[in-house]
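Computed from a prediction, not measured in an experiment: that's the story for all the values here.
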Amino acid sequence: PTTTTTTTTTTIMPSRSSKEKEHNPPPPTNPITSLVNATITNVVQQLEQQTHTNTAAVQKLTTVEEEEPPPPSKWTRYEGVVIATKIHGPQDAGLTRQMICLLTEAYNQHVKYDILIFSTLPWKDHHVALVQAYAGDAQVRVIADPYTLEERVANMTEFERNMLYQRCHVKPHE
């Protein structure tokens, strides 16, 4: 946008005809009139400077807004995939809700995988509803699993445990 600023300086003096100006010298300047004129000139200069600064800022913002946004990320959704986690019980609902919220905002809002929560202790429906509220379009299911993670690993065969440790890059007893 182009901004045009016109500067007008007003002198507060009685009007005189051209003949009066030729025969009579101007009256001495009133100090109040001089102060008013100087103030008006100063304000006009400040407004011109602000207009110039604001115009430059608007041009800079306009330039930023006109840039092309980055192309949207491509997310691939695979069939048969769920997100699963294991927690101890409903007393962890607050932390689970926070985790689901972060996971959904960062990733799952794009692919909408269902979420399975394995819990050692059973959950009531209102706890599940609290977590579901943060999962977006994904379905949240809580499945009672009375075994702790340590008990699950202990019940595996040696071959299964070794495969798990290898897959998770964990050494036994870590």
Side-chain angles (χ1 to χ4, degrees), residues 1-7 42-174:
T2 306
T3 304
T4 306
T5 306
T6 305
T7 305
N42 188 18
V43 167
V44 168
Q45 288 173 346
Q46 287 178 359
L47 288 172
E48 286 176 339
Q49 187 177 10
Q50 284 179 342
T51 302
H52 177 70
T53 303
N54 290 343
T55 302
V58 167
Q59 288 172 344
K60 186 176 181 181
L61 286 174
T62 304
T63 302
V64 171
E65 290 174 2
E66 291 173 0
E67 291 178 5
E68 290 282 326
S73 298
K74 306 252 190 243
W75 296 90
T76 303
R77 186 179 195 287
Y78 298 97
E79 291 304 314
V81 174
V82 297
I83 296 171
T85 188
K86 169 75 179 196
I87 63 168
H88 185 67
Q91 72 274 14
D92 299 322
L95 290 173
T96 305
R97 195 172 57 216
Q98 182 181 28
M99 176 190 68
I100 297 301
C101 180
L102 293 169
L103 176 69
T104 300
E105 289 301 314
Y107 174 72
N108 206 36
Q109 67 175 328
H110 304 288
V111 292
K112 298 173 179 52
Y113 290 134
D114 287 346
I115 300 169
L116 297 178
I117 301 172
F118 293 97
S119 177
T120 305
L121 301 176
W123 283 40
K124 294 189 177 180
D125 289 340
H126 72 276
H127 289 120
V128 177
L130 287 172
V131 174
Q132 177 67 59
Y134 288 86
D137 295 331
Q139 174 71 34
V140 174
R141 286 181 280 163
V142 177
I143 299 169
D145 180 18
Y147 300 105
T148 64
L149 186 58
E150 291 81 9
E151 290 172 328
R152 280 271 173 217
V153 172
N155 288 333
M156 291 180 169
T157 66
E158 186 176 344
F159 177 78
E160 290 171 330
R161 271 194 306 275
N162 289 334
M163 290 296 293
L164 176 67
Y165 294 149
Q166 182 181 0
R167 181 177 293 160
C168 296
H169 305 287
V170 175
K171 295 178 184 169
H173 308 293
E174 278 189 350

Smallest separation among heavy atoms of Val131 and Ala93, with atom names: CG2-O, 4.1 Å
Taking every non-hydrogen atom, the tightest pair across Met156 and Arg161: O-NH1, 2.6 Å
Passing candidate, side chain to side chain contact (heavy atoms under 4.5 Å, CB included) with Val142, options Pro122, Ser119, Pro90: Ser119
Close side-chain approach of Asn108 and Ile115, heavy atoms under 4.5 Å: yes
Side chain to side chain donor-acceptor pair (under 3.5 Å) partners for [X], two or more places apart:
{"X": "Arg167", "result": "none"}
{"X": "His110", "result": "Trp75"}
{"X": "Lys86", "result": "Thr120, Asp145"}

Donor-acceptor pair, side chain of Gln109 and main chain of Leu103, under 3.5 angstrom: no
Salt bridge (charged side-chain N to carboxylate O under 4.0 Å, His left out) partners of residues 109-127, not counting sequence neighbours, each pair once: Asp114-Arg141
ring-ring contact (aromatic ring centres under 6.0 Å, His included) contacts touching residues 113-149 (sequence neighbours left out): none
Selection residues 89-105 - residue pairs positive for side-chain hydrogen bond (donor to acceptor under 3.5 Å, both in side chains), sequence neighbours left out: none
Atom pair CE/CD1 of Met99 and Ile117 - distance to nearest 0.5 Å: 6.0 Å
